[in-house]
Amino acid sequence: MKFLALVDCDNFYASCERVFRPDLKEVPIVVLSNNDGCVIARSKEAKAMGIKMGVPWFQVKEAYLSQGGKVFSSNFALYGDLSKRVMNILDGMVKRIEIYSIDEAFLDLEHISNLDHAHEFGIYCRNIIKQWVGIPVRIGIAPTKTLTKVASHIAKKKNGDAGVFCLSNQGHIAHILKALPIREVWGIGHNLSKHLNQLGIYSAYELMKTDIRFIRKKFGVVLERTVRELRGESCIQIEDKIEPKKQIVVSRSFKERIDSLESLKPLISNFAVRAGEKLRHEKQKCSKVSIFISTSRFNKQLHHRGFNTFHFPYPVDDTRSILMGADRALNIIFKKGYPYAKAGVLLSQFSHPTFIQHSLFDSKSQDQLKQDTNLMQAIDALNSSQTQIYYASQLSLGESPIQKKMVSPRYTTNWWELPTTK
DNA sequence: TCTGGGGTCCTAGGACCC
DNA sequence: TCTGGGGTCCTAGGACCC
């Protein structure tokens with residue numbers, strides 16, 4: 001039998017905050033989104049206090065803090081670095097690994113054919129990661145990706161267990177799926193689960209037993225794959241090659257509402273500059289830049305969402321072009337009198353930079369294009385060091401519209417913020 | 001008063017062509 | 001000018017994920 005494993009870090013952001021703060025062992029921890037808006041991670045203790053995922057911070061703040069809970073703004077420099085360390089360890093243990101998200105990876109256990117050995121391997125992995133990085137993980141082992149997700153879900157529920165759960169024989173799988181609501185199945189979100197419930201399908205077991213042609217006809221190929229995977233038929237492969245991105249998004253909610261074009265422009269410029277950096281980092285060029293702006297979802301009276309795309313005549317990776325396109329698109333969608341709460345820049349339709357399609361009307365010579373590339377490289381190099389340089393249209397330093405009041409030190413990625421001992 | 005950010009895939013429908 | 005089917009390409013929108 002062939003096994004896959006899903007390695008999933010427990011309460012990842014909260015666990016990261018704990019790595020350099022042993023004093024916070026067993027203390028409730030929550031981590032907040034940008035602007036300290038809502039809760040995006042909770043430690044086991046915070047969950048036990050009834051703090052829900054995604055809940056607005058202001059709603060729970062008082063009660064939570066008064067009970068001794070600890071809170072952090074998100075510190076992605078730290079989380080990203082600790083994630084890399086975990087993934088590096090896993091990468092050294094198997095031939096094929098798919099890093100699925102910042103805190104999850106699928107492993108191909110092709111070297112293991114025996115269930116007991118798979119279980120032992122899981123425990124070994126878990127101990128090594130705990131010892132070397134300090135992050136607790138749980139591991140689900142099963143014949144398909146969807147079933148490893150189920151196994152990992154069970155491992156989470158079974159507190160005090162080894163944190164490793166294997167799911168292999170049909171009888172055992174059926175038994176587990178009977179007690180699993182479809183909403184918990186990977187690939188079944190809020191809408192699908194409502195729809196399926198209306199058809200009388202509530203448990204993962206009932207879904208698994210539903211006629212596959214009916215599923216395909218009524219819901220399409222995506223759900224069909226899920227059902228097959230629940231039956232133990234592997235349909236979703238491990239993607240161990242890193243595919244180039246197909247789009248890049250930079251977006252933020254604002255601390256305060258913005259209703260003037262003059263205030264919005266520098267913010268959009270900031271997003272566009274950041275998007276350009278990401279694009280060059282990916283070694284891509286884009287043919288489209290889109291801008292979106294929207295009022296708060298919760299403001300029912302003054303509601304407006306704008307979206308517009310600027311098409312470049314040929315693929316670009318030059319920030320100055322992106323800024324120009326972004327500005328044009330923004331001018332088209334902006335409407336006066338609306339309190340905008342969020343905006344973003346989206347780059348898409350990528351092509352590799354060595355592929356240069358010349359425009360009929362483009363008069364730039366090879367030398368000029370080369371100069372542009374050099375300029376961008378120079379700016380990127382400066383900005384990744386201590387020095388920062390800005391485009392005129394960007395917001396000046398010190399006026400960051402994003403609020404982060406309770407961020408922890410970047411212990412592992414910044415020389416000035418290394419942990420110290422007394 | 002205050003409600004995240006960054007992705008992917010699939011499908012339906014329109015434009016255009018023969 | 002109208003008639004008709006079928007194919008491709010593109011886009012917007014909806015669903016999902018962490």
Side-chain angles (χ1 to χ4, degrees), chain A residues 6-13 30-42 51-62 72-76 79-80 83 98-106 145-146 149 152-153 182-196 216-226 235-237 239 242-257 271 274-275 278-279 282 287-288 290 292 294-300 305-309 311 339 341-350 401-405:
Chain A
L6 172 67
V7 180
D8 192 342
C9 301
D10 288 336
N11 318 318
F12 184 55
Y13 300 163
V30 300
V31 177
L32 305 180
S33 62
N34 269 323
N35 291 323
D36 299 334
C38 51
V39 173
I40 56 171
R42 310 102 79 213
I51 306 291
K52 299 271 181 260
M53 182 68 174
V55 72
W57 173 232
F58 72 91
Q59 285 178 7
V60 295
K61 180 177 177 180
E62 213 168 308
F72 292 93
S73 304
S74 43
N75 179 354
F76 287 103
Y79 312 151
S83 168
E98 173 183 346
I99 297 171
Y100 179 67
S101 73
I102 194 165
D103 69 339
E104 279 174 70
F106 289 104
K145 273 186 170 179
T146 305
K149 280 275 188 183
S152 152
H153 182 82
I182 45 171
R183 184 61 182 80
E184 305 294 335
V185 175
W186 188 46
I188 300 185
H190 174 248
N191 282 288
L192 266 177
S193 88
K194 245 175 48 186
H195 205 145
L196 287 163
R216 164 126 202 189
K217 202 165 157 229
K218 189 111 181 156
F219 297 95
V221 295
V222 180
L223 191 63
E224 180 190 352
R225 272 201 289 264
T226 299
C235 303
I236 309 174
Q237 305 311 315
E239 309 281 348
I242 298 168
E243 292 291 315
K245 284 190 173 39
K246 291 166 184 167
Q247 60 176 43
I248 286 170
V249 180
V250 178
S251 77
R252 293 286 183 280
S253 300
F254 309 138
K255 186 173 55 183
E256 283 153 359
R257 302 295 170 253
F271 299 164
R274 181 74 195 103
K278 285 187 177 185
L279 182 69
E282 287 282 314
S287 293
K288 298 200 294 192
S290 310
F292 54 90
S294 68
T295 53
S296 166
R297 294 183 279 148
F298 304 95
N299 185 340
K300 301 290 181 212
R305 287 168 67 175
F307 184 88
N308 187 264
T309 301
H311 297 247
K342 180 177 179 170
V345 171
L346 188 157
L347 305 180
S348 56
Q349 213 169 71
F350 293 167
I402 311 299
Q403 180 174 306
K404 268 193 180 184
K405 284 190 177 157

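All chains are named by letter (A, B, ...) in the order of the sequence lines, taking the proteins before the strands, and each is independently numbered beginning at 1. In this text, all values refer to a predicted model and were calculated from it rather than measured experimentally.
Counting non-hydrogen atoms under 4.0 angstrom, V55(A) reaches nothing in the nucleic acid. Counting non-hydrogen atoms under 4.0 angstrom, W186(A) reaches the backbone sugars and phosphates but no base. Residue contacts shown for K288(A) are limited to sugar-phosphate atoms, with no base heavy atom under 4.0 Å away. Residue L32(A) is out of contact with every strand shown, counting any heavy-atom pair closer than 4.0 Å. Within 4.0 Å (heavy atoms only), Y100(A) reaches sugar-phosphate atoms of the nucleic acid but no base atom. Here H311(A) lies in heavy-atom contact (under 4.0 Å) with sugar-phosphate atoms only.
Between R305(A) and dA12(C) there is no side-chain polar atom (N or O) within less than 4.0 angstrom of OP1 or OP2. At dG7(B), one or more side-chain N or O atoms of K278(A) fall inside 4.0 Å of OP1 or OP2 (strictly under the cut-off). Residue K149(A) places no side-chain N or O under 4.0 Å from the OP1 or OP2 atom of dC17(C). OP1 or OP2 of dT11(C) has at least one side-chain nitrogen or oxygen of Q349(A) nearer than 4.0 Å. Listed pair N35(A) / dT3(B) fails the phosphate criterion, with no side-chain N or O lying under 4.0 Å from OP1 or OP2. Here K255(A) does not reach the OP1 or OP2 of dT1(B): none of its side-chain N or O atoms lies under 4.0 Å away.
Relative orientation of the H195(A) and F219(A) rings is perpendicular, given thresholds of 30° and 60° on the angle between their planes. Between Y100(A) and F106(A), the ring planes are perpendicular. Angles over 60° get that label, and only those under 30° would be called parallel. Ring orientation note: the planes of F307(A) and F292(A) are close to parallel, at an angle under 30° on the 30°/60° scale.
Counting to the nearest Å, the C1' atom of dT8(B) and the NZ atom of K245(A) are 11 Å from each other. The separation between I102(A) atom CD1 and dC17(C) atom C1' is 15 Å, rounded to whole Å. The nearest whole Å value for the distance from the CZ atom in R297(A) to the P atom in dC2(B) is 13 Å. We find that NE2 of H153(A) is positioned 12 Å from P of dC18(C), with the value rounded to whole Å. For the pair E224(A) CD and dC10(B) C1', the interatomic distance rounds to 13 Å; values are reported in whole Å.
If you check dC10(B), dC18(C), dT3(B) against the side chain of R225(A), the one that comes closest is dC10(B). Between dT8(B), dC9(B), dG4(B), one nucleotide has an atom nearer to the side chain of Q247(A) than all others, and that is dT8(B). Residue S253(A) places its side chain closer to dG4(B) than to any other of dT11(C), dC18(C), dG4(B). Closest to the E104(A) side chain, of the nucleotides dT3(B), dC17(C), dC18(C), is dC18(C). Checking dG4(B), dG5(B), dA15(C) against every side-chain atom of L192(A), the shortest atom distance belongs to dA15(C). Across dA15(C), dT3(B), dC18(C), the shortest atom-to-atom separation from the side chain of S101(A) is found for dC18(C).
S33(A) places a side-chain N or O within donor-acceptor distance of the main-chain N or O of C38(A), the cut-off being under 3.5 Å.
The aromatic ring of F298(A) sits over the base of dT3(B), with ring centres less than 5.5 Å apart and planes inclined by under 30°.
Checking dC16(C) for Watson-Crick or G-U wobble geometry (two distances, each under 3.5 Å) identifies dG7(B) as its partner.
The heavy-atom pair separating V30(A) from R42(A) by the smallest distance is CG1-CG, 4.1 Å. The nearest pair of heavy atoms linking D36(A) to S73(A) is OD1-OG, 2.8 Å.
The pair K149(A)-E104(A) meets the salt-bridge criterion, since a charged nitrogen lies less than 4.0 angstrom from a carboxylate oxygen.
Each of V249(A) and Q59(A) lies near DNA chain B, and the nucleotide nearest Q59(A) is the one positioned closer to the 5' end. Comparing M53(A) and F219(A) against DNA chain B, the residue whose closest nucleotide sits nearer the 5' end is M53(A).
Comparing dC18(C) with dT3(B), their P atoms are spaced 25 Å from each other, to the whole Å.
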